[in-house]
2 protein chains.
Amino acid sequence: MNMNPVSRGVSADDLDPKAVLEVCVCHNIRRAARAMARRYDAALAGAGLTTGQFTILAAAAALSPLAIPVLREILALDRTSLNRTLKPLEQRGLIEVSPGAGRRPGRIALTDDGALAFRDAGPLWRAAQAEAAQRLGTGRTGQLLGLLTGATAVFHD
Amino acid sequence: MNMNPVSRGVSADDLDPKAVLEVCVCHNIRRAARAMARRYDAALAGAGLTTGQFTILAAAAALSPLAIPVLREILALDRTSLNRTLKPLEQRGLIEVSPGAGRRPGRIALTDDGALAFRDAGPLWRAAQAEAAQRLGTGRTGQLLGLLTGATAVFHD
DNA sequence: GATATAACGATGTATATACATCGTTATGAA
DNA sequence: TTCATAACGATGTATATACATCGTTATATC
């Protein structure tokens with residue numbers, strides 16, 4: 001029997017699924033991000049923070065008071081996603097959100113408790129970051145950071 | 001007033017929040033992953049799939065039937081997370097999950113509908129992947145893939 | 001053969017993330 | 001001045017992701 005591509009229902013345009021797993025940039029970056037986030041989250045759990053929350057506190061610490069759209073750019077996060085993500089931090093009193101009416105954006109500011117939490121998390125983040133650099137190797141860490149920054153720049157809207 | 005570090009409550013061990021945003025590997029990889037996933041998800045929406053679902057179909061297409069713990073390794077996903085993620089695909093009839101009793105792992109197989117969906121998504125994924133490579137540059141794409149594969153290897157349990 | 005261990009799936013809870021959509025309002029164009 | 005547009009936050013819905021925990025059961029140890 002002649003199993004040419006057409007009779008098998010397989011065209012030359014069909015994907016090689018194994019190759020997809022190997023070269024898909026999206027799959028590979030998300031997989032690495034998951035593996036890494038688990039480590040950072042485990043470390044920061046000692047301060048009662050997730051990596052995402054810690055990052056928001058860092059941005060607030062660096063730029064407080066901070067317009068929410070600016071934070072959106074820093075995080076490359078969707079508008080509705082960020083607004084939701086801020087809720088737990090606000091309810092725990094780590095940040096203060098001043099609403100902006102209508103078309104005016106709101107602003108967030110780090111509270112004293114937020115500054116405390118950020119400081120408490122400092123050594124834990126440093127340990128996670130140091131372990132990451134050690135596992136990756138210093139050279140590769142810098143290389144990776146550069147590529148990720150570039151990727152964010154060319155992919156974010 | 002002498003605002004030395006101690007009286008200000010600032011020690012030399014405190015983090016520079018701006019530097020944290022710049023060098024935190026976890027923040028930077030997650031941010032890039034978000035920006036990238038939005039593009040791939042938008043492209044694959046034409047086939048009714050998310051990037052994660054497409055990746056699972058690719059794994060099933062490559063290795064069907066596939067033991068769930070093997071898929072966990074491929075995706076570097078938590079056990080409970082993967083089991084939940086499989087549910088929508090199973091309910092839509094794109095994969096078939098054969099349960100494994102007790103300590104025996106379950107297996108998944110691509111259904112005919114799943115194979116159809118994966119094939120339909122082929123051109124969409126190819127377009128997203130091509131655009132990613134074009135935005136990053138071919139050289140950087142390969143470099144990034146290599147670093148991400150290495151990162152997954154050294155971070156995943 | 002009895003028992004401790006470990007791997008499995010399921011579930012509860014919480015955060016993360018996005019899109020579509022709605023109501024509000026500031027701003028620019030007619 | 002009126003009116004269309006656009007940016008904002010809020011909400012509904014869906015997927016993504018993890019940890020703690022529970023009950024089940026195969027396997028290893030004694």
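Naming convention: chains lettered A, B, ... in sequence-line order (proteins, then strands); numbering from 1 in each chain.
Atom OH of B:Tyr40 is separated from atom P of C:dT17 by 19 Å (rounded to the nearest Å). In this structure, the CZ atom of B:Arg34 is 13 Å from the C1' atom of C:dT15, given to the nearest Å. Rounded to whole angstrom, the span from the CD atom of A:Gln91 across to the C1' atom of C:dA14 amounts to 12 Å. A:Asp41 places its CG atom 15 Å from the C1' atom of D:dA20, with the value rounded to the nearest Å. B:Ile56 has its CD1 atom 12 Å from the P atom of D:dT15, to the nearest Å. Rounded to whole Å, atom P of C:dT17 lies 12 Å from atom CG of A:Leu86. A straight line from CD of B:Gln53 to P of D:dA14 spans 13 Å, rounded to a whole angstrom. Residue A:Leu44 contributes atom CG, which lies 20 Å from atom P of C:dA14 at whole-angstrom precision.
The phosphate of C:dC19 has neither OP1 nor OP2 within less than 4.0 Å of any side-chain N or O from B:Arg38. Taking only side-chain nitrogens and oxygens, A:Arg104 never comes nearer than 4.0 Å to OP1 or OP2 of C:dA26.
Screening A:Leu21, A:Leu15, A:Val20, A:Asp16 against A:Lys18 for a side-chain contact (heavy atoms from CB on, under 4.5 Å) leaves a single residue, A:Asp16.
Looking at A:Thr50 and A:Asp41, their side chains never bring a donor and an acceptor atom within 3.5 Å of each other. Residues A:Asp113 and A:Thr111 have side chains that never bring a donor and an acceptor to within less than 3.5 angstrom of each other.
Of the possible polar contacts, none joining the B:Ser81 side chain to the B:Leu77 backbone as a donor-acceptor pair under 3.5 Å is found.
Under a hydrophobic clustering in which Ile, Leu, Val, Met, Phe, Trp and Tyr are joined whenever their side-chain heavy atoms come within less than 4.5 Å, directly or via other members, B:Val70 and B:Leu86 fall into the same cluster.
The residue among A:Ala42 and B:Thr50 whose nearest nucleotide of DNA chain D is located toward the 5' end is B:Thr50. DNA chain D is contacted by both A:Arg30 and A:Ile68; A:Ile68 maps to the nucleotide lying nearer its 5′ end (nearest heavy atom per residue). Comparing A:Gly52 and B:Pro69, the nucleotide of DNA chain C nearest to each residue sits closer to the 5' end for B:Pro69.
Residues from residues 73-84 of chain A lying near DNA chain D, meaning a heavy-atom separation below 4.0 Å, are A:Arg79, A:Thr80, A:Asn83, A:Arg84 in numerical order.
Here A:Glu131 pairs with A:Arg135 in a salt bridge; the nearest charged N to carboxylate O distance falls below 4.0 Å.
Candidate nucleotides D:dA10, C:dC8, D:dT15 were compared by shortest atom distance to the side chain of A:Lys87, and D:dA10 ranks first.
Remark: the A:Arg103 side chain and the C:dA26 base include a donor-acceptor N/O pair separated by less than 3.5 Å.
A distance of 8.0 Å separates CD1 of A:Ile108 from CG of A:Leu89, quoted to the nearest 0.5 Å.
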